[in-house]
Amino acid sequence: MGTYHQLYGDERSRESPAPAEAQMQAGAEGGGRVSRCCWKCSVTQLKKIFWGVAVVLGVCSSWSGSTQLAKLTFKKFDAPFTLTWFATNWNFLFFPLYYLGHVFKSAEKQSPKQRYRECCRFFGDNGLTLKVFFTKAAPFGVLWTLTNYLYLHAIKKINTTDVSVLFCCNKAFVFLLSWIVLRDRFMGVRIVAAIFAIAGIVMMTYADGFHSHSVIGIALVVGSASMSALYKVLFKLLLGSAKFGEAALFLSVLAVFNVLFVTCIPVILYFTKVEYWSSFAVVPWGNLCGFSILLLTFNILLNFGIAITYPTLISLGIVLSVPVNAVVDHYTSEIVFNSVRVIAIVIIGLGFLLLLLPEEWDVWVIKLLTRLKVRKKEEIPEGNGDITSGLPNKSRRTRPSMSSFAH
């Protein structure tokens, strides 16, 4: 191979091409590089979109599936807190699963202990100490438990369509809390989205005629969405942003907190007969494990899906779970889709989609409109030159000055 390149170089030095041929060759090479670059970019984008569709379907099916399975479980096993505790214990698998991915994908493989120590730096210079555990992990463990418990308890009171659509309001609550606590940039469109969310909650309450049962259910979901928003904002305030390994370790630590400090609550609820079952043989273990696996899958896709696709596409999966739950409810329950309920669902969904707009969306819109105006200004003189002028050379000369003036 080396001889071939040497010979090729000698031939080129003996017979150098003419200047015009050299320019043509350089142009061809440049064009080839640009086309290769564009091809690589388009393939990368197509891969991201393909994985995005897969992740959206995964998020949608796991979230709606877990919601429907929870509803089904409560017919045999009426214990929402125990189900919350059981499913949260599965979070312990986050770090082991992340480490398996690290072993298969990373070029520089580390031992579990090395990787654990590196990820522990997220908690501070001293790593995961007892003080850090109680000050930085325990509060999030409480918020995690409350979010899931309130959501599951709401499923007992109202239909899954209302629960899933009302939980979408957490995006609006995150914006409002970030604006107040983190001093995030004020955005008019997000205020409109927050108003839509509040209006949707009121309309959803009105849809069932303000009955105590539905009002309690709606209050529970709104409480769950609020706890979820508080979790996200506090995480950003106290811990900042986390890498994949750090996020996996943090979620596994929440499972440790759940086992050590939350286990006593289901035991107390059992002996006080608040959440009671006659024997362990009656417990639908298949439903409990199925719900936990679906919830774990949902959280994995939500936290690590951004590695392979766009974050906006992942969020769309949550919105798409609403029509899926609506279809299931239509065939399995006595839900009435009156005009007020439909309008409330549409308003909350629209508010959620508005919150997905990037912060610089207004700048992008202005740039797009400016480009469109520039193109129109360039097209007008070109059209005049073709129709009226009998001097095409003149019109060609004036075109560059017009385009530069427009820019």
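Numbers for residues simply follow the sequence, beginning at 1.
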Enter the distance from Phe257:CZ to Asn91:CG here, rounded to the nearest 0.5 Å.
13.0 Å
Would you check if there is a donor-acceptor pair between the side chains of Thr67 and Tyr151 at a distance under 3.5 Å?
yes
Give the C-alpha distance, both sets of side-chain angles, the deciding distance and a yes or no for side-chain contact (heavy atoms from CB on, under 4.5 Å) between Trp85 and Tyr149.
CA-CA 9 Å; Trp85 171 83; Tyr149 170 67; over 6 Å; no
Nearest atoms (heavy-atom pairs only) where Ala137 meets Val253:
CB-CG1, 3.8 Å
Could you walk me through whether Thr145 and Phe81 pass the side-chain contact (heavy atoms from CB on, under 4.5 Å) test, one step at a time?
CA-CA 9 Å; Thr145 304; Phe81 196 92; 3.8 Å; yes
Is there a side-chain contact (heavy atoms from CB on, under 4.5 Å) between Val59 and Ile318? Walk through the geometry before answering.
CA-CA 7 Å; Val59 168; Ile318 299 168; 4.0 Å; yes
Could you check whether Asn325 and Thr161, counting side-chain N and O atoms only, form a donor-acceptor pair closer than 3.5 Å?
no
More than 12 heavy atoms of other residues, nucleotides or ligands under 6.0 Å from CZ of Phe92: is that the case?
no
Worked check of side-chain contact (heavy atoms from CB on, under 4.5 Å) between Phe77 and Asn287:
CA-CA 9 Å; Phe77 184 72; Asn287 285 16; over 6 Å; no
Quiz item: cation-pi between Lys232 and Phe235, 6.0 Å / 45°
no
State the CZ-CG distance between Phe123 and Leu238, to the nearest 0.5 angstrom.
12.0 Å
Tell me if the CH2 atom of Trp277 is crowded by more than 12 foreign heavy atoms within 6.0 Å.
yes
From Met204 atom CE to Asp162 atom CG, the distance as rounded to the nearest 0.5 Å
4.5 Å
Could you point out which residue of Leu295, Asp78, Leu288, Asn148 forms a side chain to side chain contact (heavy atoms under 4.5 Å, CB included) with Leu83?
Leu288
